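No experiment lies behind these values; they were computed from the predicted model shown. In listed order, ligands and their atoms are each counted from 1.
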Amino acid sequence: MRIAIIGTGYVGLVVGTCFAENGNRITCVDLDEDKINGLKNGIIPIYEPGLKELISRNVDEGRLTFTTDPAAAVKDALVCFIAVGTPPHEDGSADLKYVLAVARDIATNMDGYRVVVNKSTVPVGTNRLVRETMAEFTDHPFDVVSNPEFLKEGAAIDDFMKPDRVVIGADSEKASEIMQELYAPFVRSGKPILCMDPLSAEMTKYAANSMLATRISFMNEIAALCEAVGADVNQVRKGIGTDARIGFPFLFAGAGYGGSCFPKDVRALMKTAEKNDLQMQIIEAVESVNNQQKSRMIQKISQHFDGDLAGKHFTMWGLAFKPNTDDMREAPSIIIAEKLLEQGATVTAFDPEAIPESKRILGDKISYAHDALAALDNADGLILITEWNEFRHVDPSEIKNHLRQPVVFDCRNIWNPATIRAAGLTYYGIGV
Ligand code: NAD
């Protein structure tokens with residue numbers, strides 16, 4: 001099948017590459033000329049395990065091309081995916097200007113029937129809005145399908161190639177069949193393609209992200225209570241995760257959820273409720289707990305130093321909002337760094353992949369090291385923020401030898417407190 005993917009970010013690039021890998025002919029479009037020129041020259045704009053090799057193979061075999069010209073891509077494609085950002089407005093509602101601009105681009109460039117697929121996370125009702133927008137610019141026939149994406153950054157290729165389910169929201173039988181044909185190779189293992197109406201498909205994405213965010217905030221609230229009563233949240237997690245009704249995923253206490261999806265999608269869902277004269281009390285609490293959580297480790301750091309962080313120097317291990325990605329959108333590291341700086345401290349950070357992204361966001365407000373242990377030199381404490389695997393097995397006595405003051409703040413509970421303490425370091429975790 002010939003497919004245009006418009007918006008070549010984390011989602012568009014992965015989706016386009018994976019469709020190409022299954023034998024389709026894909027043109028990825030983006031407004032960002034540097035990004036497209038880079039991709040044409042083999043420079044991958046994001047860090048995602050396995051993506052570079054997959055892009056290179058599909059480009060070499062002629063199934064994957066890149067352009068800034070939507071007209072060229074839409075001309076030949078039966079299916080046109082919209083995969084642009086849906087960032088929040090100031091009030092938390094989703095900004096649809098990029099989605100609707102692409103809808104216009106497709107409409108003005110198509111010369112016959114097209115299936116237009118919304119991959120971006122969009123509020124309930126956007127399918128209709130895209131349809132109305134396109135109808136203003138074309139007389140050609142088309143269908144609009146809502147096909148939310150559930151991939152996780154850091155495991156995006158596996159998630160897309162082997163989805164738990166594919167959700168297709170379509171009013172048209174013809175479009176639904178084309179979509180089912182496109183996705184058939186991805187569900188050979190028997191996972192379902194769920195066909196539903198577009199409104200339910202759009203709602204499914206927000207409900208999924210809000211449920212996952214709820215589990216995280218719930219565990220962070222339990223962690224705070226564990227600290228107050230002397231229980232250990234790691235033990236409690238095992239105790240409840242083994243219950244088949246609960247399960248283990250998304251039960252880790254930590255520095256709060258971040259990233260490009262959960263914070264914005266939770267807020268956008270509340271906005272949708274508000275527009276429909278409803279209040280989502282659980283979701284409001286989820287967000288409020290998460291906002292507090294990002295500051296809780298700062299309070300512990302401040303207490304450890306008797307409220308005086310002026311002149312102190314800290315090392316942060318991890319900048320990305322989670323491991324195996326360079327994405328720092330809404331990452332707890334940004335808030336922790338800014339709060340330390342506000343209180344007169346200085347920061348050196350190390351992250352295996354996200355330093356270029358951090359330089360873009362935090363500039364030279366903090367300094368960077370290109371080696372985890374070297375980053376610790378002259379620091380008054382180590383703050384572990386992202387649980388990259390390479391941090392899990394560092395010898396704690398090495399950490400102690402490099403630090404000026406032997407204290408570790410473990411925002412992800414990746415270390416055994418007893419092992420860290422045995423090496424002569426003071427240990428702070430979350431809920432332990
Ligand atoms: P992103 O910011 O990484 O990429 C968006 C891309 O679209 C950018 O490269 C931008 O230059 C391009 N763009 C904007 N307007 C354009 C236009 N008119 N024509 C062509 N290109 C244009 O965003 P993302 O993380 O890939 O997310 C895209 C959507 O998918 C969002 O709605 C997001 O909520 C959703 N989503 C993201 C993830 C994730 O893990 N990142 C997972 C599931 C769903």
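Polar contact check, Glu149 against ligand 1: no nitrogen or oxygen pair lies under 3.5 Å apart. Considering backbone and side-chain N/O of Asp105, none are found under 3.5 Å from N/O of ligand 1. The distance criterion of under 3.5 Å between nitrogen or oxygen atoms is not met by Gly85 with respect to ligand 1. Close N/O approach between Thr121 and ligand 1 is found [any backbone or side-chain N/O within under 3.5 Å]. In terms of polar-atom proximity, Lys205 is not counted as a contact of ligand 1, lacking any N or O under 3.5 Å from an N or O of the ligand. For ligand 1, the polar-atom distance check against Asp265 finds no nitrogen or oxygen pair separated by under 3.5 Å.
Across the listed options Lys152, Arg329, Lys264, Lys119, Lys264 owns the non-hydrogen atom lying nearest to atom 33 (C) of ligand 1.
For Asp171 and Arg128, the salt-bridge test fails: no basic side-chain N is under 4.0 Å from an acidic carboxylate O.
The single protein non-hydrogen atom nearest to atom 32 (O) of ligand 1 is Thr86 OG1, 2.6 Å, given as residue, atom name and distance. The protein heavy atom nearest to atom 39 (C) of ligand 1 is Glu153 OE2, 3.4 Å.
Remark: aromatic rings of Phe350 and Trp317 are distant, center separation not under 6.0 Å. Taking the centre of each ring, Phe262 and Phe321 stay at or above the 6.0 Å mark. If you look at Tyr113 and Phe142, their ring centroids are not closer than 6.0 Å.
With hydrogens and angles left out, the side-chain atoms of Ser217 and Asn220 include no donor and acceptor closer than 3.5 Å. Side-chain atoms of Gln180 and Ser176 include a donor-acceptor pair closer than 3.5 Å.
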